[in-house]
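Only this structure's heavy atoms are used, side chains among them; waters, hydrogens and symmetry mates stay out.
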Amino acid sequence: MKRTRAGVSVILAISLLLTACGNGSNEQASNQTANGNGVAGQPVQASTDGQKSGEAAATKTITYLDKEYTLPATTERIVMAGAVEAMEDAIVLGVNPVGAISFAGVFPPMFESITKNAVSIGEKTEPNFEAILGLKPDVILGSTKFKPEVSEKLESIAPTILYSHVSTNWESNLLLLGELAGKEKQAEEVIGQYKADLEDAKVKLADKLKDKKVVVIRVREGLMYVYPAGVYFNPILYHELGLHTPAEIQAAKAQEALPIEKFAEMNPDYVFLQFAAEENHDAPNALEEWKNNPIIKSSNAVKNGNVYINIVDPLAQGGTAYSKIAFLKAAVEQLSK
């Protein structure tokens with residue numbers, strides 16, 4: 001009998017405890033509902049929802065070359081790694097990256113206007129990941145030439161966009177940087193002005209250059225190189241100005257060495273020669289040797305005084321807004337004489 005009474009007492013105690021706990025839970029749910037933090041009978045997710053809303057407000061989505069990227073809402077801290085094209089576009093738009101590519105450890109004069117307060121984040125093909133991490137970038141502009149493992153390391157630091165090195169994407173590139181830097185209108189105006197200048201150039205040069213051979217040659221490691229019609233400065237000459245495309249250019253599949261004998265066969269009427277000391281460490285006298293070569297001297301271009309050396313900075317990539325604007329202006333000045 002005593003055991004039975006004791007058992008009943010225990011059961012009653014447990015029931016009272018459960019009732020008290022239940023009332024506490026109901027009161028908590030009622031309070032949350034009254035405060036707008038939850039709905040009775042449903043799990044409370046106020047903190048999570050608030051966090052999600054904050055995250056959404058702190059990001060933006062942009063589209064570049066048919067791919068979407070989620071970035072911080074403000075992309076003021078831009079690092080340019082590998083994409084010299086991005087650095088050229090930065091000159092045009094007046095964008096100052098916090099980190100940029102150096103050349104043999106320094107920023108060349110060509111990029112002086114945008115690198116006064118920038119930190120070197122390594123060379124074109126060798127980014128310094130620790131330096132980039134230390135800059136806490138909002139976005140990194142890499143290069144489509146990067147190997148996948150390099151891109152993955154950059155992506156682990158900050159949102160990374162691989163900036164195109166293809167000449168035909170120059171407009172998309174400039175508009176991308178304009179959007180990142182809040183200079184979309186300026187980018188559009190630059191593109192419009194270039195197209196207007198191009199139409200004027202066509203009128204000026206149409207008759208003078210008809211059936212003439214015009215070629216761009218780049219001297220690297222002491223050798224002459226030519227590019228396909230759609231690469232380097234060639235799109236300006238052959239696609240936009242509509243000049244005759246020499247057979248050697250038509251046949252080129254990529255950057256290709258041009259033997260001196262092939263140059264003689266081509267016998268161009270106009271030559272734009274680009275020579276950078278940085279690209280000829282092992283052949284510092286290559287330019288003088290080129291000028292003094294008897295075969296070169298016998299070409300139409302040399303005999304008629306139509307060889308133009310470094311009419312734009314020899315480090316210019318060719319297929320960017322900066323390169324196109326500078327080259328078109330300089331080429332028209334020389335070719336219209």
Chemist: Would you give the length of the straight line joining atom OG of S151 to atom CG of L162, rounded to the nearest 0.5 angstrom?
Modeler: 4.5 Å

Chemist: If you round to the nearest 0.5 Å, how far is CG of L174 from CG of N169?
Modeler: 12.5 Å

Chemist: Which atom pair, heavy atoms only, marks the closest approach of Q274 to P314?
Modeler: NE2-CA, 3.5 Å

Chemist: Cluster question for you: counting only ILVMFWY and a side-chain heavy-atom cut-off of under 4.5 Å, with indirect links fine, are L135 and L133 together?
Modeler: yes

Chemist: Supply the atom-to-atom distance K183 NZ to D89 CG, rounded to the nearest 0.5 angstrom.
Modeler: 12.5 Å

Chemist: Would you say Y163 and I140 make side-chain contact, with heavy atoms under 4.5 Å?
Modeler: no

Chemist: Can any side-chain N or O of N234 pair as donor or acceptor with the backbone N or O of P228 at less than 3.5 Å?
Modeler: yes

Chemist: If you compare all heavy atoms of P97 against all heavy atoms of A118, which two are closest, and at what distance to 0.1 Å?
Modeler: O-CB, 3.5 Å

Chemist: Taking a hydrophobic cluster as the set of Ile, Leu, Val, Met, Phe, Trp and Tyr residues connected by side-chain heavy atoms closer than 4.5 Å, whether directly or through intermediates, do V92 and V95 fall within one such cluster?
Modeler: yes

Chemist: If you measure only the distance, is there a donor-acceptor pair under 3.5 Å linking the side chains of Q255 and R218?
Modeler: no

Chemist: Quick check for you: to the nearest 0.5 Å, what is the distance between S143 atom OG and H165 atom NE2?
Modeler: 7.0 Å

Chemist: Closest approach of G318 and S323, non-hydrogen atoms and distance?
Modeler: N-OG, 2.9 Å

Chemist: Going by heavy atoms in the side chains, are V166 and T144 under 4.5 Å from each other?
Modeler: no

Chemist: I need the minimum non-hydrogen distance between A201 and V332, along with the two atoms involved.
Modeler: CB-CG2, 3.5 Å

Chemist: What are the two closest heavy atoms between P235 and S167, and how far apart are they?
Modeler: CG-CB, 4.1 Å

Chemist: Does the side chain of L175 reach to within under 4.5 Å of the side chain of I191, using non-hydrogen atoms?
Modeler: yes

Chemist: Looking at N117, I want to see if its CG is surrounded by more than 12 non-hydrogen atoms of other residues, nucleotides or ligands under 6.0 Å.
Modeler: no

Chemist: Would you check, one step at a time, whether the test side-chain contact (heavy atoms from CB on, under 4.5 Å) holds for L328 with L241?
Modeler: CA-CA 9 Å; L328 180 65; L241 291 176; 4.3 Å; yes

Chemist: Establish whether L65 and I62 are linked, either directly or via other cluster members, by ILVMFWY side-chain heavy-atom contacts under 4.5 Å.
Modeler: yes

Chemist: Determine which pairs satisfy side-chain hydrogen bond (donor to acceptor under 3.5 Å, both in side chains) with at least one residue from residues 73-84, sequence neighbours left out, and list them in order.
Modeler: K60-T75

Chemist: Could you check whether F327 and F272 have their ring centres less than 6.0 Å apart?
Modeler: yes

Chemist: Identify whether F107 and I78 are in the same connected component of the hydrophobic contact network (ILVMFWY, side-chain heavy atoms under 4.5 Å).
Modeler: no

Chemist: Just how far is it from atom NZ of K195 to atom NZ of K324, taken to the nearest 0.5 Å?
Modeler: 10.0 Å

Chemist: Mark yes or no for whether E123, through its side chain, and A104, through its backbone, hold a donor-acceptor pair below 3.5 Å.
Modeler: yes

Chemist: Decide, yes or no, whether a salt bridge links K291 with E288 under the criterion of side-chain N to carboxylate O below 4.0 Å.
Modeler: yes

Chemist: Using every non-hydrogen atom in the two residues, find where I91 and M110 come nearest and quote the distance to one decimal.
Modeler: CD1-O, 3.3 Å

Chemist: Show the numbers, then the answer: is there a side-chain contact (heavy atoms from CB on, under 4.5 Å) between T320 and V84?
Modeler: CA-CA 10 Å; T320 68; V84 180; over 6 Å; no

Chemist: Run V271 and N306 through side-chain contact (heavy atoms from CB on, under 4.5 Å) and show every step you take.
Modeler: CA-CA 6 Å; V271 172; N306 294 325; over 6 Å; no

Chemist: Answer yes or no: are there more than 12 heavy-atom neighbours, outside K329 itself, under 6.0 Å from its atom NZ?
Modeler: no

Chemist: Would you find more than 12 non-hydrogen atoms of other residues, nucleotides or ligands less than 6.0 Å from E130 atom CD?
Modeler: no

Chemist: Are Y270 and N300 close enough that a side-chain donor and a side-chain acceptor fall under 3.5 Å?
Modeler: no

Chemist: Can a donor-acceptor pair be found between the side chains of Q193 and D197 at a distance below 3.5 Å?
Modeler: yes

Chemist: Look at the side chain of E278 and the backbone N and O of F103, then say whether any donor-acceptor pair between them is shorter than 3.5 Å.
Modeler: no

Chemist: Do I260 and I249 belong to the same hydrophobic cluster, where Ile, Leu, Val, Met, Phe, Trp and Tyr are linked whenever their side-chain heavy atoms lie under 4.5 Å apart, directly or via other members?
Modeler: yes

Chemist: Using a 3.5 Å distance criterion without hydrogens, assess whether the side chain of N310 forms a donor-acceptor pair with backbone atoms of V312.
Modeler: no

Chemist: Measure the CZ-CD1 distance between F111 and I101 for me, rounded to the nearest 0.5 Å.
Modeler: 7.5 Å

Chemist: Please list every donor-acceptor pair under 3.5 Å in which a side-chain atom of residues 205-216 meets a protein atom from a residue at least two apart or in another chain.
Modeler:
| unit_1 | atom_1 | unit_2 | atom_2 | d |
| --- | --- | --- | --- | --- |
| K208 | NZ | L335 | O | 2.8 |
| K208 | NZ | K337 | O | 2.1 |
| K213 | NZ | M266 | O | 2.9 |

Chemist: With a 4.5 Å heavy-atom cut-off, do K262 and M224 have their side chains touching?
Modeler: no

Chemist: Under a plain distance cut-off of 3.5 Å, with no hydrogens placed, do S164 and E85 share a side-chain donor-acceptor pair?
Modeler: no

Chemist: Quick check: do F263 and W290 have side-chain heavy atoms less than 4.5 Å from each other?
Modeler: yes

Chemist: Take L273 and Y308 through the test side-chain contact (heavy atoms from CB on, under 4.5 Å) and record every step on the way to the result.
Modeler: CA-CA 6 Å; L273 188 76; Y308 312 109; over 6 Å; no

Chemist: Does some side-chain heavy atom of L177 sit less than 4.5 Å from a side-chain heavy atom of M80?
Modeler: yes

Chemist: Under the 3.5 angstrom rule, does the side chain of T160 hit a backbone N or O of A158 as a donor-acceptor pair?
Modeler: yes

Chemist: Is it true that Y194 and E240 share a donor-acceptor pair across their side chains at a distance under 3.5 Å?
Modeler: yes

Chemist: One thing to verify: whether E333 and K204 come together as a salt bridge, which I'm taking to mean a side-chain N less than 4.0 angstrom from a carboxylate O.
Modeler: no

Chemist: Taking the side chain as C-beta and beyond, is there a heavy-atom pair between P159 and Y69 under 4.5 Å?
Modeler: no

Chemist: Quick check: do L141 and L180 have side-chain heavy atoms less than 4.5 Å from each other?
Modeler: yes

